[in-house]
Amino acid sequence: LVFRSPTFDGGYAVACGLEPALGFLEKLRFDAEDIDYLASLRASDGAALFDDDFLDYLRGFRFDCDVKAVPEGTVVFAQEPLLRVTGPIASCMLVESPLLNIINFQTLAATKGARMAQAAGDEVVLEFGLRRAQGIDGALSAARATYIGGCGATSNVLAGRLLGIPTKGTHSHAWVMSFETEMEAFEAYAKAMPANSILLVDTYDSLEGVRKAVEVGKMLREMGRKLGGIRLDSGDLAYLSIESRKILDAAGFEEAKIVASGELDERLIASLHSQGAKIDIWGVGTKLTTCWEQPALGGIYKLTALEGEGGTWRHKIKLSEQAAKTTTPGIHQVRRYSRPDGAIADAIWDELIGIEEETRIVDPLDATRRKRIPAGTQHEDLLVPVMEKGNIVYEFPPIEEIQERTRSQLASFHPGVKRFDNPHQYPVGLEHRLHDLRTRFIVQLRGDG
């Protein structure tokens, strides 16, 4: 399972979705109702679409393959396998769509979360996208993946309960509008939620709302509580946050946080930083949870090797007039090379061929781009065993540890790889003998050699 091109025109992606994917594989069954439905399907001539032998096979089906995968939170790149399934071909092929469904979206959303967290720097990003997500499952998957990417919490309470993600939120405009005055609304909310007193101030006039929040903050002090802060949801966020900070500080509420929301994305967050905005927390919804600019990762799941009689493996390749759609044959592994100051290159190699101590890698889309990796360079292989004969053999880390893996992985790459615009292309290539094998296959199958 690989994806062909960079995400969000950026320089990297964050692998995600492995735990739910393996949970699906381990429990995959066809019950009596499933079999009855499949038996009811008819071909165009009216005959049964599936014969009884196949339906009997499905009745006893258990996923029985070995799986190697890149751990969640790993920084990955286009053309690299995220997951490798080895086993009976029917089992391998039956799981294509669910694997792509789970891993494609969660990898995309984790990457978007990482980009938001990168733009925010030391400030917290809250995932606020439930109401704009593609259904309940989309919202839960996005909450999980964006937290792994680097978001600090979610407003989705169900995601908090099911996935152990911290939950944060504020009140709505409807709360304010349901009272006769904004001040009454703020006072009522502060009394109801004194430990979560972040007040949404832009229902009518933002700066006037901040002044009212200050008065409520004084009331909270008398109660032995603190004003948590204010939220700005519209308008010129740079100007309004700066002026709000002045009002809060002048009244002695230096610790009160300013939360910003409203159609934010990583580029707007970066722009607001450059304008000197005084924002402590970013509530990001639609453009985070829906992966706004790129609705699909474009991951693919292709047959790359087939075991014949006598246990001999045969390489398999799919050709295309588009270079990016021509697959790479072999049983793949990814080796990441690094120096003490960080990662320097990734080599995709074929376990049927092996890998040389000193190797050269070749860009699969441009054979003129090559890199030599000296012998003795520190390295690790990214695909690790996660299932054997359909049984999970991988110990899933807590979600907080996966998030920390994302953070530490990103820190190991040159800043140029993480630029939002025109990022540096991190070297990822085929080990030179695998590249040569692939080239020979293409020439032979096209009848030119």
- [ ] Would you please name every residue forming a salt bridge (Lys or Arg N to Asp or Glu O under 4.0 Å) with Glu404, sequence neighbours left out?
- [x] Arg407
- [ ] Mind checking salt bridge (Lys or Arg N to Asp or Glu O under 4.0 Å) for Arg59 and listing every partner two or more places apart, or none if nothing turns up?
- [x] Asp56
I'd like to check the side chain to side chain contact (heavy atoms under 4.5 Å, CB included) partners of [X]; sequence neighbours left out, ordered by chain and number.
X      : result
Phe50  : Leu38, Leu41, Phe54, Leu55
Asn391 : none
Leu207 : Asp205, Arg211, Tyr239, Leu240, Glu243, Ser244, Ile247
Ala270 : none

Please tabulate, one pair per line, all N/O donor-acceptor pairs under 3.5 Å involving side-chain atoms of residues 73-84, not counting sequence neighbours.
{"from": "Thr74", "atom 1": "OG1", "to": "Pro71", "atom 2": "O", "distance (Å)": "2.7"}
{"from": "Thr74", "atom 1": "OG1", "to": "Arg405", "atom 2": "NE", "distance (Å)": "3.0"}
{"from": "Thr74", "atom 1": "OG1", "to": "Arg405", "atom 2": "NH2", "distance (Å)": "2.9"}
{"from": "Gln79", "atom 1": "NE2", "to": "Arg4", "atom 2": "O", "distance (Å)": "3.0"}
{"from": "Glu80", "atom 1": "OE1", "to": "Phe77", "atom 2": "N", "distance (Å)": "3.1"}
{"from": "Arg84", "atom 1": "NH1", "to": "His332", "atom 2": "O", "distance (Å)": "2.6"}
{"from": "Arg84", "atom 1": "NH1", "to": "Glu351", "atom 2": "OE2", "distance (Å)": "3.4"}
{"from": "Arg84", "atom 1": "NH2", "to": "Glu351", "atom 2": "OE1", "distance (Å)": "3.4"}

Open item on the list: Please report the interatomic distance NZ(Lys389) to CZ(Phe63), rounded to the nearest 0.5 Å.
Closed with: 11.0 Å
Task: Check: Val85 and Leu99 side chains under 4.5 Å, non-hydrogen atoms - done: yes
Task: Leu162 side chain reached by Leu158 side chain, heavy atoms, under 4.5 Å - done: yes
- [ ] Please assess Ile373 against Glu431 for the test side chain to side chain contact (heavy atoms under 4.5 Å, CB included), listing each intermediate value before the final yes or no.
- [x] CA-CA 10 Å; Ile373 302 169; Glu431 192 269 340; over 6 Å; no
Open item on the list: The criterion is side chain to side chain donor-acceptor pair (under 3.5 Å); which residues satisfy it with Glu72, sequence neighbours excluded?
Closed with: Arg144
Task: Glu356: side chain to side chain donor-acceptor pair (under 3.5 Å) partners, not counting sequence neighbours - done: His432
Open item on the list: Taking side-chain hydrogen bond (donor to acceptor under 3.5 Å, both in side chains) as the criterion, tell me which of Thr146, Thr154, Asn156 meets it with Glu127.
Closed with: Thr154
- [ ] Using the side chain to side chain donor-acceptor pair (under 3.5 Å) rule, collect all pairs that involve residues 260-269, keeping only residues at least two apart or in two chains.
- [x] Lys112-Glu266, Arg115-Glu266, Arg132-Glu263, Arg231-Ser261, Asp233-Ser261, Arg267-Asp421
Task: Pairwise salt bridge (Lys or Arg N to Asp or Glu O under 4.0 Å) hits with a residue in residues 312-332, at least two apart - done: none
Atom pairs and distances, donor-acceptor, side-chain atoms in residues 7-17, under 3.5 Å, two or more places apart:
{"from": "Thr7", "atom 1": "OG1", "to": "Tyr12", "atom 2": "O", "distance (Å)": "2.9"}
{"from": "Tyr12", "atom 1": "OH", "to": "Gln118", "atom 2": "OE1", "distance (Å)": "3.4"}

